[in-house]
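Only one structure is covered here, and it is reproduced in the block below.
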Amino acid sequence: TKMSKLQTYLQRAVQALREASETAGDNGGMLPGGASGAAEKGGSEEVDVNSAFVNNVLDEIKGHEVRLCSDRHCSSAMETIVKLAPAPQLALLMHRLRESWDELLRERCASHVLQTCVERLATAFGSQERAFPAEAFEGDERPPPLSEQFFELSEHVASELPRLMCDTYASHVVRTIICVLGGIPLARLQDTLRSRSSQSFHTAFVSKDKATHVAPTASFLERAQPILKRMADNFAEQENIPFLCIHTSASPVIQTLLLALHARDRASCVIVATSILGTEESSQISTLLAGPVGGRVVECIMQVGGVSLYHRILVEAFRGKLVPLAVDRALNYSVQRLIEYCPTSEDFSLLAGELAPNLEDVLAESCFGVVTQLANACAKHGVQQKAFVKGLLTAFHATGPDAMCARLVLSLCTADRYQELKTQNELTPDAKFNMHGSLILQGLLKFNQGEIKEFLRDLLAMTGEELREMAVHRIGSHALEALFGADISLKTKTRFTTQLKGHFAGLALDRYGSHVLDRCWAAMEIKTKEVIAKELIESEATLKESVSGRLVWRNCRLDHFKRQQADWASLQQGVERKKRMFSDLLGTDETSKLVPAAAKQQQHKAQAVSDEIDELFSAAPEGKKKHKDRKPAADVDTTTLSTPKPTPAESDGAGEGERKKKKKKGKGEKAVEAPPPPPPAPVVPLGPNGKPLKKKQLKKLAAAAEAGAAAGAAA
């Protein structure tokens, strides 16, 4: 039959088109996504071979496009044509499908072809708004620009939104259209735009290349906003909104619509969210949270609804019931999103005050995600950290000064269970380092240093071999990386590095330990880096035989260290100066003058805790008693910029002043005291190329410093 002949022809044509695109090389005659150079430049160049080939294919299947798109054997071939076709031919194909959009949207196979068309539009914003030249087509057909066709399709979807969003096949196309209208990257919502089976089929039979996101033009977004608003108004007027929210096909469309409105029209987003939650007299929040489908909609509203709607959800559905919900197998995920999307510290204090004393019940039900999110939120908002630590220590039965707090959290074992495993020699590395325990400890290391002194004390009590075992473990290494990247004192980090002495080469050779060593290197001062470098050079041959060892060798610039150690040291000091300069501008360094008073007070408290920890592990050895009257030497910070000597011009100026004063002094007068030395010359920061910054660059840095100072004063 003619249909079977068309199927055979189409499959062979697609195979030839694929081979032509592969042999073309990197965009040889084709732009990303298949748009030809002639189409992109408005016809200034000749129509390429791909355009002519696709034109011939479209001529052969003319009048049968809808049937071929709906055929389960040919739909994948039509998708491939859409993927590889230049923009003019894509516009021609969509123009021929225009009369059957409603049918194609609701058909199982054809809906995927239409969805691929919309995805192609998202990567051709530059060419879709212009009319195509006559020479781009071989017949008399002159399709309108791609943007016109897309907006016409979007208008059709907006008018039929309640019906199409409930259709199993049309809902995927509707979600893709909403993403394009809102300028949302399709890769961000790829899991919701296609099912897993559709993604695997699309990768195997259509295209393995991921679509690149192209930012839409301002004129496109301006024209798209009224369509989004029309969709929002059409949805808000529906009477069966609770049913739509729990519908398996409509619920993802509602979530996508909320995200797009949040990006482009906040007022409409609040209107849609309010219509979903209902009034305070007839609230639908508890009803929606009762099921997994409706709960996803409520979680999306937590994310985009704003402070007032979030507070309403917290008070009406969660306050007073957080612990039972947190231990529920299904609803604990909603509690995690509630913690993650909390916008204010006041609301977080409400929920953390209810959860922190009951962490043992949450951990007993293996709801570790709730505890992890709570730890991260405590660090983010800077409140309830002390209550969280207290609840965590109680949950692990870690009482007393010798409690192994950090090791208990890492293993997710109580103190009794940990000792039992240790006695039975069952404390293997996999038993010591649990994934959820590592995530919780990483969240704890973001706390203020004064609140986690018990955990730091326990980690400092670990031997060098135990720290090495932790650093080379696939899970424990992440916690150690977080430790060296945490906002704790340099003294404490140096103490950990000292305990790892003798294991640096082993860490550099390990897949996971090399990352820990890189983070340790970045956190240390120049003297400690020299110690690490000397130890690594002793194992040069072994390091250069390993992939991770070569990377560590390159990152530490050890070839430069071997040849010219002095130049290497000056280079490392330059890096430290730049880090210190920019941390001062951003107000993140301990010595920065831009840090608010409250933050400075907290830093002094953290420094006191650090000194307390250091005293525990730096006791004087026997036989060497410290002199009572002798003051301890001040810690020398090698990262501090040295004061430069005065220039010869300044010295000459100072000598001239001395001579003038001596002339005025009489014979019988007492000697005049020498004037104070001139102020040191300002330190000129160095740029990335090692040269001093120019005046314009210094002005920019000064402006940034003033802005930081203003922000600190406001805080």
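Only this structure's heavy atoms are used, side chains among them; waters, hydrogens and symmetry mates stay out.
- Listed by chain and residue number, nothing satisfies the salt bridge (Lys or Arg N to Asp or Glu O under 4.0 Å) test with Lys493 (two or more places apart in sequence, or in another chain).
- Taking the salt bridge (Lys or Arg N to Asp or Glu O under 4.0 Å) definition, one finds that Glu481 meets it with Arg519, sequence neighbours left out.
- Residues meeting the salt bridge (Lys or Arg N to Asp or Glu O under 4.0 Å) test with Glu299, sequence neighbours left out: none.
- Every pair passing ring pair (Phe, Tyr, Trp, His ring centres under 6.0 Å) that includes a residue from residues 401-433 is listed here, sequence neighbours excluded: Phe433-His473.
- Legend: ring pair (Phe, Tyr, Trp, His ring centres under 6.0 Å) pairs involving residues 326-354, not counting sequence neighbours, sorted by first then second residue: Phe348-His381.
- Glu360 and His397 share a donor-acceptor pair across their side chains, judged by distance under 3.5 Å alone.
- Residues passing the salt bridge (Lys or Arg N to Asp or Glu O under 4.0 Å) test with Lys529 are Glu576, sequence neighbours excluded.
- Applying the ring-ring contact (aromatic ring centres under 6.0 Å, His included) criterion to Phe388, with sequence neighbours excluded, gives Phe447.
- Take His503 and apply the ring-ring contact (aromatic ring centres under 6.0 Å, His included) test, not counting sequence neighbours, and it matches no residue.
- Take Tyr512 and apply the ring-ring contact (aromatic ring centres under 6.0 Å, His included) test, not counting sequence neighbours, and it matches no residue.
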All N/O donor-acceptor pairs, side-chain side in residues 460-467, below 3.5 Å, sequence neighbours left out:
residue	atom	partner	partner atom	Å
Thr463	OG1	Glu466	N	3.3
Glu465	OE1	Arg468	NE	3.4
Glu465	OE2	Arg468	NE	3.1
Glu465	OE2	Arg468	NH2	2.9
Glu466	OE1	Thr463	N	2.9

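- The side chain to side chain donor-acceptor pair (under 3.5 Å) search around Gln384 returns none, not counting sequence neighbours.
- Ser489 and Thr492 share a side-chain donor-acceptor pair at under 3.5 Å.
- Here ring pair (Phe, Tyr, Trp, His ring centres under 6.0 Å) pairs that include residues 301-324, with residues two or more places apart or in two chains, number zero.
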